[in-house]
Amino acid sequence: MSFQAVVFYILSAILIFAGFRVVTAKNPVHAALYLVLAFFTASGHWLLLQAEFLAIALVLVYVGAVMVLFLFVVMMLDINVEKLREGFWRHFPQAATVALIMMAEIVLILSSPEAHLADVKPAAAAAAAGEISNVKVLGRQLYTTYLLAFEAAAVILLVAMVAAIGITIRQRKDSKYVDPGVQVRVQSKDRVRVVKMAATKRQDDAVSDSNEQQA
Amino acid sequence: MELLQSLLGSEAGMAVWTLLKILAIVAPLMIGVAYLTLAERKVIGYMQIRIGPNRVGPKGLLQPLADGVKLLMKEIILPTQSSKGLFLLAPVLSIMPALAAWAVIPFNDTMVLANINASLLYIMAITSMGVYGVIVAGWAGNSKYSFLGALRSSAQIVSYELAMGFALVGVLMVSSSLNLVDIVNQQGQGIAGGSIFSWNWLPLFPLFIVYLVSGVAETNRAPFDVAEGESEIVAGFHVEYSGMAFAIFFLAEYANMILVAALTSIMFLGGWLSPFPASWGALGASSIAWLLVKMSAVLFCFLWFRATFPRYRYDQIMRLGWKVFIPVTLVSILVLGLWMLSPLSLWK
């Protein structure tokens with residue numbers, strides 16, 4: 001067995017274990033962390049296929065950004081696990097059906113002769129054939145052949161983001177918000193008043209004592 | 001390397017050779033971390049008209065060792081009802097990215113552990129994982145203070161990563177490569193003949209500043225250290241840690257500082273290139289010493305910031321990240337693109 005094969009089987013074992021634990025872990029934070037592990041291991045698989053850009057993008061986007069926010073939300077929710085588990089067996093048949101259909105679809109697509117999976121060159125072979133790094137190939141494809149689809153996807157995402165912010169934004173009336181621009185522009189004369197007074201002469205101790213008593 | 005391969009066979013020899021190279025990177029890095037803590041205390045001491053540590057060894061030079069031994073001897077306390085596995089995993093998660101990123105950092109033209117094509121992306125991906133150590137530590141400790149620190153830190157790191165990424169987009173536009181060696185070599189060309197004026201910091205000045213400040217924010221250093229915020233939330237995410245587990249967070253923070261200093265030197269300050277023109281003989285020759293000098297200069301700035309600025313308020317941090325840095329970088333990238341297309345372009 002070659003070194004690559006050993007790495008592949010180790011990564012696959014970790015991936016399957018992590019995926020299993022995502023579903024079975026009782027604590028949602030643990031489940032989210034197992035999902036992080038699953039993403040990371042999957043990127044290891046892509047590295048084995050020499051798709052280095054995709055592997056790194058997976059870590060950068062999913063592990064570095066999406067899952068951080070996801071974890072952020074999961075940690076702040078007070079999830080009652082018992083309540084979540086109540087309907088498990090009641091909903092199991094529907095969920096199993098959906099899972100089976102999805103699995104069947106994936107298998108059918110990948111095994112159909114129209115998918116031309118057999119024609120796909122491994123990245124290593126492509127590199128050996130004198131083609132340049134897959135970052136360049138991917139970039140060229142995205143910005144020439146698929147430019148319209150790429151831009152449309154970006155715009156759709158932007159619209160979704162603006163909409164999400166638009167739904168949640170509201171001005172609180174009772175928040176004591178200070179405009180940072182005003183804060184930055186502040187001068188010492190806005191905050192401090194210098195009072196000039198004539199110096200008073202020191203009086204006798206007895207006089208000051210009697211003054212205090214009067215006050 | 002040939003010797004090892006003849007002794008152990010080609011594959012095992014290669015593995016041992018790589019391990020030795022990793023050791024040659026990590027050991028000096030750890031020593032650098034130890035003495036950076038001393039340098040920090042000394043520099044800040046002198047800035048505040050004190051002397052700093054001067055008792056252990058000559059001029060206090062053995063202070064880091066004493067600190068290390070003290071931390072090793074201390075008990076590691078597990079808080080009640082903490083998630084024990086995660087509690088112990090968190091320090092590992094935080095130091096792993098700080099060390100793993102060094103795999104692709106070049107020290108000169110040829111001295112690099114793994115000279116991969118997408119090394120810039122690799123750096124961004126690996127450093128983006130550093131936040132997990134902070135989040136997991138904050139959550140697993142079962143303490144409100146550490147949880148608040150974790151929440152602050154995760155929001156902050158995600159925000160500043162965007163600005164940092166955009167700043168790096170400018171660098172990769174002018175060097176048209178994701179490879180760190182190519183990025184440095186590109187800075188050696190141009191009308192200023194490879195001297196200090198042809199490095200990226202001058203034409204990409206706004207991006208350089210954004211990168212440097214985001215680097216400070218990414219490493220949770222003052223004035224962006226709200227994740228620790230001693231005066232508000234005790235010690236933030238690592239309030240429940242003691243002994244060596246705490247020391248690992250400490251090591252990770254300083255290793256990250258050195259990493260950001262190395263990256264800033266490589267992307268914007270010409271890496272191992274000399275600041276003088278090549279015609280100056282030995283002074284003009286590129287060498288790893290220049291890289292170390294530049295890293296030290298950036299690290300000194302880190303310490304200087306800490307001694308100078310008061311801590312940002314949380315909303316000010318978010319405002320700076322989202323409303324100042326990201327627009328600045330976006331406009332810079334646009335201007336840079338137009339500049340590169342215009343006949344005045346420096347990068348042909």
Side-chain angles (χ1 to χ4, degrees), chain A residues 2-4 6 21 25-30 32-37 39-40 43-44 46-47 50-76 123 127 132-139 165 175-181 183-184, chain B residues 11-12 14-15 83 85-86 89-90 93 96-97 100 104 114 116-132 134-136 138-140 147-148 150-159 161-162 164-165 172 176-179 312-313 315-320 322-324:
Chain A
S2 71
F3 183 64
Q4 264 91 351
V6 175
R21 290 294 289 151
K26 278 216 172 98
N27 192 321
V29 174
H30 291 178
L33 286 171
Y34 276 113
L35 191 54
V36 172
L37 179 62
F39 281 137
F40 196 71
S43 90
W46 276 353
L47 272 185
Q50 303 202 346
E52 56 187 28
F53 179 77
L54 289 178
I56 293 172
L58 180 73
V59 173
L60 189 63
V61 175
Y62 283 91
V63 177
V66 173
M67 284 312 292
V68 173
L69 295 179
F70 200 76
L71 208 56
F72 190 92
V73 174
V74 167
M75 280 178 179
M76 288 205 283
I132 33 182
S133 73
N134 60 45
V135 180
K136 281 192 178 153
V137 175
L138 203 68
I165 295 173
S175 88
K176 294 177 181 167
Y177 181 76
V178 188
D179 182 9
Q183 284 181 307
V184 170
Chain B
E11 284 210 359
M14 192 68 198
S83 182
L86 288 181
L89 184 68
L93 279 180
M96 183 279 288
V104 297
I116 59 173
N117 266 333
S119 44
L120 186 63
L121 271 176
Y122 171 84
I123 292 271
M124 287 165 72
I126 288 290
T127 50
S128 72
M129 288 179 60
V131 64
Y132 280 103
V134 175
I135 299 183
V136 171
W139 183 79
F147 187 55
L148 278 175
L151 291 184
R152 286 177 173 201
S153 162
S154 52
Q156 177 186 333
I157 290 182
V158 169
S159 318
E161 219 152 65
L162 288 173
M164 217 170 178
L172 73 93
S176 62
S177 169
L178 284 169
N179 186 308
Y312 265 106
R313 213 172 56 207
D315 63 309
Q316 291 170 334
I317 287 188
M318 284 296 145
R319 177 178 168 273
L320 185 69
W322 288 101
K323 294 190 182 169
V324 179

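Throughout, protein chains are lettered first and strands after them, A, B, ... in sequence-line order, and every chain is numbered starting at 1.
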- Item | Within 6.0 angstrom of B/F147 CZ, more than 12 heavy atoms from elsewhere | yes
- Item | Heavy-atom neighbours of A/F70 CZ exceed 12 at 6.0 Å | no
[X] side, atom [atom1]; [Y] side, atom [atom2] - distance, nearest 0.5 Å:
{"X": "B/I123", "Y": "A/I56", "atom1": "CD1", "atom2": "CD1", "value": "10.0 Å"}
{"X": "A/N27", "Y": "B/W139", "atom1": "CG", "atom2": "CH2", "value": "4.0 Å"}
{"X": "A/L37", "Y": "B/Y132", "atom1": "CG", "atom2": "OH", "value": "11.0 Å"}

- Give, as side chain, backbone, both or neither, the part of B/L162 having an atom under 4.5 angstrom from any heavy atom of chain A. neither
- Query: Heavy-atom distance under 4.5 Å to chain A: side chain of B/L86, backbone, both or neither?
  - Reply: side chain
- Query: Of all of A/V63, A/V36, A/V59, A/V61, which one pairs up most often with chain B through heavy atoms under 4.5 Å apart?
  - Reply: A/V63
- Note on the structure: The interface call for A/L58 against chain B, heavy-atom contacts under 4.5 Å, is neither
- Do you know which of B/V158, B/V131, B/L178, B/I135 has the most heavy-atom pairs under 4.5 Å to chain A? B/I135
- Message: Restricting to non-hydrogen atoms, name the atom on B/S128 and the atom on A/G64 that form the minimum distance, rounded to 0.1 Å.
- Response: OG-CA, 3.4 Å
